[in-house]
Every structure is written in C-alpha cells, then in structure tokens.
Amino acid sequence: MNEAIRPNPEVPPPVIAAPQLSVIIPTFNERDNVVTLFRRLETALAGVNWEAIFVDDNSPDRTWDVVRGLARQDPRARCIRRIGRRGLSGACIEGILASSAPCAAVIDADLQHDETQLPKMLGLLQADTADLVVGSRYVEGGSADSFNKQRAGASALATELARGVLRVKIADPMSGFFMIRRDRFEQLAPQLSTQGFKILLDIVATGRGSLRVKEIPYTFGSRLHGESKLDSMVALDFLGLLLAKLTRDAVTLRFLLFAMVGSLGVLVHFAALYTALEAFAVPFPEAQAFAAFCAMTSNFVLNNFFTYRDLRLKGFAILRGLLLFYLVCSVGLLANVGVAFSVYDQEPIWWLAGAAGALMGVVWNYAMSGLFVWRKR
Ligand code: GDD
Ligand code: MN
C-alpha cells in the first residue's frame with residue numbers, strides 16, 4: 001500500500017463506512033423529481049451502504065440547489081454542478097469517476113427506471129457473476145409500455161442498428177439503467193465518448209465482448225414531473241457514436257458534419273456568385289467576395305446548429321464567433337490556395353492540386369474553429 005494512504009495510527013478510523021454502491025443520477029431540470037427519487041433509493045437500498053451522486057448541468061430550474069439542500073441534511077447525497085457543459089453521457093462518466101465505491105449504478109432522475117431492481121443488480125455484481133448488469137426492457141418480463149408509437153419505433157430501430165452494426169449482443173443496448181464494477185469501468189473510461197446520450201451502448205461496444213453482461217427485466221415507467229430532454233437531434237448523436245465506434249475513433253461525426261457543411265457552402269457560393277453576376281450585374285471581384293461572404297455565413301449558422309450543437313453559441317457570443325469564423329476561414333483560404341499552388345508546381349494536374357488545397361482548407365478551418373470559435377468551455 002502507498003505510504004501516504006496508510007491509515008494514520010494516531011487518528012481513530014472514521015465511523016462512516018465507505019459506500020459499497022454509488023448511484024449516479026444525471027439531471028437537467030429535474031427539481032421536482034430529485035427528492036422523491038432520493039427517498040425511493042433510501043427505501044430500496046435499506047441495508048446497503050450507498051451514496052447518490054447527482055450530476056447536474058447547471059439546470060435553469062436550479063436542480064443543483066435542491067440537491068445541495070438534500071446534501072446538507074444527508075451526507076449520502078452529493079452534487080456535481082457542471083457549468084458550460086451539456087450531455088447525458090459526459091455527466092454519467094464524470095459521476096462514476098467521482099465515486100470510489102466498487103460498484104456504480106446509473107439511473108434517470110425522473111423515476112422512469114425501477115430503483116427496486118438495484119439490490120438485485122448489486123447482488124449479481126457482488127457474487128462476481130457479472131461485470132455489468134443492465135436493466136432491460138426487452139427481455140422476458142420487461143416492458144416499455146409508456147412509450148408512444150413513434151418513440152417505440154425509434155427505439156426498436158436504434159436497437160437493431162446497434163446490434164447489427166456494432167455487433168452488440170444484448171437485448172437492450174439503448175437502456176440508460178445499469179450497474180457496473182468500477183474497476184472495469186475505469187479501464188474503458190478513456191475510450192468512451194462524452195458526446196451523446198448512449199453511454200451503455202458505448203460501454204458495451206468499447207468492451208468488445210470482454211465484459212460479462214447480465215440483463216434483468218424491468219418496466220420503463222412514466223416520467224413523474226417535467227419533460228424529456230431528448231429531442232430529434234439525438235439521432236445525430238447516435239449516428240456519431242456508431243461511426244466513431246466502427247472506425248475506432250478515426251472518423252468523428254463532428255469532422256464529417258463540418259466537411260458536409262463545407263461542401264454545402266460551395267453550393268451556396270456558386271448560387272450567390274451566379275445571382276450577383278446574372279441578376280444584379282455586379283462586377284466579378286465584388287460578386288466573388290459577396291459569394292464567399294454568403295458561404296462563410298451560412299457555414300457558420302449550420303455549424304452552430306448541427307456540428308457544434310453541444311457547444312452552441314448564443315446571444316452576443318454569436319457575433320464574436322461569426323467574426324472569428326470569418327477570420328479563420330480567410331486564413332484557411334490562403335492555406336488552401338498556397339497548398340494548391342505548390343502541388344500544381346510539382347505536378348500540374350489541376351484536380352489533384354485543387355483537391356489538396358480544399359483538403360488543407362477544411363482541415364485548417366476545422367482545427368482552428370475548434371480552438372477559437374466553438375471552444376470547449
Ligand atoms: N446532466 C445532464 N445533462 N443530465 C441530462 C442531460 C444533460 O444534458 N440530458 C438529460 N439528462 C438527464 C435527465 O434529467 C434525466 O434524469 C435523464 O438524463 C434521462 O433524460 P430524459 O430526458 O428523461 O430522457 P428519456 O426519458 O427520453 O430517455 C431515457 O430513456 C432512454 C430509453 O429509451 C434515458 O435514460 C436514456 O438513457 C434511455 O436510453
Ligand atoms: Mn426520462
């Protein structure tokens with residue numbers, strides 16, 4: 001044992017026993033649910049040494065404030081308040097890493113998951129019959145009756161995709177309710193994606209069959225208060241996760257989206273150029289500058305909406321971001337032309353030189369946009 005963490009012989013050991021189980025609860029605008037959930041955990045986990053770690057992304061409804069109130073009365077409750085970050089997966093990862101219990105569970109705050117299954121899940125991990133226990137809606141005895149038709153269809157499609165494309169064997173890889181041994185989690189954590197919301201799928205796919213997984217049935221209930229945070233854009237995050245796992249992180253969805261937006265920008269450029277020249281008889285240099293301006297602006301708007309939706313700029317920051325984006329793209333254009341020139345100089349093949357320049361431009365714009373425009377805060 002490390003000298004520094006050996007118990008101090010002069011100080012009696014603390015009376016509080018270390019928790020066997022950490023329950024991680026990601027929250028965003030759940031102020032009316034957190035206390036109820038905590039009380040239900042108390043009942044379900046009687047006899048277990050447990051703690052609850054709420055990971056709140058600075059909810060506008062001040063969920064973090066409610067959790068702090070709870071923590072002042074009961075040391076088993078803790079609150080991690082994250083500022084300037086959003087995302088279910090990232091919140092779960094951070095919560096698990098903040099705990100030191102040998103087992104960690106993830107459960108939604110809105111009471112849609114069944115906390116009474118937790119002791120059974122813990123028993124399976126403690127008996128060492130599994131590394132990961134999944135609360136599953138799609139095994140015998142489980143159900144998701146509270147889903148409407150559309151949501152049920154989307155869930156089934158995503159499950160099929162995950163199982164087919166990533167060869168994940170479990171029945172409900174899209175579940176958000178599970179318990180894992182922390183040593184196994186800690187091994188996988190560096191490869192997990194913090195973007196998106198499918199943390200369980202990510203864990204199972206990243207484990208590549210090395211985890212012993214058990215599924216137990218549960219019934220996905222109805223939300224107590226508030227509303228779901230998952231919008232239609234989560235489909236994009238999901239595709240991103242599939243892509244990243246398939247290519248072992250070589251291709252990220254962000255880069256792909258950035259490049260797609262860039263390609264669309266070329267079309268915008270030509271449309272604007274054509275309109276300025278033909279419809280308004282603007283001289284070519286001015287028309288070309290106007291077209292570039294239009295393309296950069298539309299690229300900025302689309303990137304802010306899709307590519308960087310988790311870091312989306314709002315309010316006054318939009319203006320600052322737009323000006324920086326113009327700057328980044330202008331330098332990118334110089335890099336583009338410079339590279340194309342030097343390639344053409346060596347090998348006068350126009351399309352090769354053009355492609356090399358364009359590639360240089362998009363890589364430059366992407367790298368610099370990530371550094372200066374949509375910075376990780
Ligand atoms: N910290 C944090 N940050 N928490 C979040 C965020 C976020 O950006 N978005 C959502 N949450 C929290 C919610 O507050 C809730 O406790 C939990 O994550 C689930 O979010 P919901 O908005 O209730 O999602 P859902 O009910 O549509 O989806 C759930 O069911 C799916 C099964 O179909 C989630 O549990 C999914 O993980 C699960 O796959
Ligand atoms: Mn929910």
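Both ligands and their constituent atoms are indexed starting at 1 by order of listing.
Sorting the N, O or S atoms of Asp110 by how far they are from the Mn ion (ligand 2) puts OD2 first.
The existence of a salt bridge linking Asp65 and Arg31 is excluded, since no basic side-chain nitrogen approaches an acidic carboxylate oxygen closer than 4.0 Å. Using a 4.0 Å cut-off between charged side-chain N and carboxylate O, Arg223 and Glu30 make a salt bridge. Between Arg212 and Asp128 there is a salt bridge, since at least one side-chain N of the basic residue sits less than 4.0 Å from a carboxylate O of the acidic one. Arg68 has no carboxylate O lying under 4.0 Å from a charged side-chain N of Asp56, or vice versa, which leaves the two without a salt bridge.
For atom 4 (N) of ligand 1, the candidate residues are Asp57, Ile25, Thr27; the nearest heavy-atom contact is made by Thr27. Nearest to atom 1 (N) of ligand 1 by heavy-atom distance, out of Ile80, Val55, Asp56, is Val55.
Closest to atom 17 (C) of ligand 1, if we only count protein heavy atoms, is Asp108 OD1, 3.4 Å. Nearest non-hydrogen protein atom to atom 30 (O) of ligand 1 is Phe220 CZ, 3.5 Å. For atom 33 (O) of ligand 1, the nearest protein heavy atom (residue, atom name, distance) is Arg137 NH1, 2.8 Å. The shortest contact between atom 18 (O) of ligand 1 and any protein heavy atom is with Leu88 CD1, 3.2 Å. The protein heavy atom nearest to atom 13 (C) of ligand 1 is Glu30 OE2, 3.2 Å. The shortest contact between atom 31 (C) of ligand 1 and any protein heavy atom is with Arg151 NH2, 3.5 Å. The protein heavy atom nearest to atom 6 (C) of ligand 1 is Phe28 CB, 3.9 Å. When hydrogens are left out, the protein atom nearest atom 37 (O) of ligand 1 is Gly176 CA, 3.5 Å; that is the closest non-hydrogen contact.
Using cut-offs of 30° and 60° on the angle between ring planes, the pair Phe220 and His113 is tilted. The aromatic rings of Trp50 and Phe38 sit tilted relative to each other, their planes meeting at an angle between 30° and 60°.
Contact annotation for Ser228 and ligand 1: heavy atoms of both the backbone and the side chain come within less than 4.0 Å of the ligand. Residue Arg82 does not touch ligand 1, judged by heavy-atom distances below 4.0 Å. Counting heavy atoms under 4.0 Å from ligand 1, residue Phe177 does not touch it at all.
Distance alone, capped at 3.5 Å, places no donor-acceptor pair between the Thr206 side chain and the Ile203 backbone. Judged by distance alone, the side chain of Arg78 and the main-chain N or O of Ala98 form a donor-acceptor pair under 3.5 Å. In terms of modelled atom types and a separation under 3.5 Å, the side chain of Asn303 and the main chain of Asn299 share a donor-acceptor contact.
The shortest N/O to N/O separation between Asp110 and ligand 1 falls below 3.5 Å. The N/O atoms of Ala109, backbone and side chain alike, include one that comes under 3.5 Å of an N/O atom in ligand 1. At under 3.5 Å, a nitrogen or oxygen of Arg86, whether backbone or side chain, sits near a nitrogen or oxygen of ligand 1.
Here is the list of ligand 1 atoms found below 4.0 Å of a heavy atom in Gln112: 23 (O), 26 (O). Of all atoms in ligand 1, numbered sequentially from 1 with element shown, those under 4.0 Å from a heavy atom of Gly87 are 3 (N), 7 (C), 8 (O). Taking a cut-off of under 4.0 Å to the non-hydrogen atoms of Arg223, the atoms of ligand 1 that pass are 21 (P), 22 (O), 23 (O). Under a 4.0 Å criterion applied to the non-hydrogen atoms of Lys198, ligand 1 contributes the atoms 36 (C), 37 (O), 38 (C), 39 (O). When each atom of ligand 1 is checked for a heavy atom of His113 under 4.0 Å away, the hits are 35 (O). The distance from ligand 1 to the heavy atoms of Met174 drops below 4.0 Å at these ligand atoms: 32 (C), 38 (C), 39 (O).
Contact check for Phe177 versus Asp172: no side-chain heavy atoms found under the 4.5 Å cut-off. Using a 4.5 Å cut-off on side-chain heavy atoms (C-beta onward), Val213 and Lys169 make no contact.
Considering all non-hydrogen atoms of both residues, Leu236 and Phe306 come closest at CD2-CD2, 4.1 Å.
One of the N, O or S atoms belonging to Gln112 lies under 2.8 Å away from the Mn ion (ligand 2). Counting backbone and side-chain atoms alike, Asp108 contributes no N/O/S atom closer than 2.8 Å to the Mn ion (ligand 2).
Taking the six-membered ring where the residue is Trp, the centroids of Phe293 and Tyr326 are separated by under 6.0 Å.
Trp374 and Asn304 share a side-chain donor-acceptor pair at under 3.5 Å.
Using a 4.5 Å cut-off between side-chain heavy atoms of Ile, Leu, Val, Met, Phe, Trp and Tyr, with links allowed through other members, Met296 and Leu327 fall into different hydrophobic clusters.
Proximity of Ser155 to ligand 1 is not established, as no heavy-atom distance is less than 4.0 Å.
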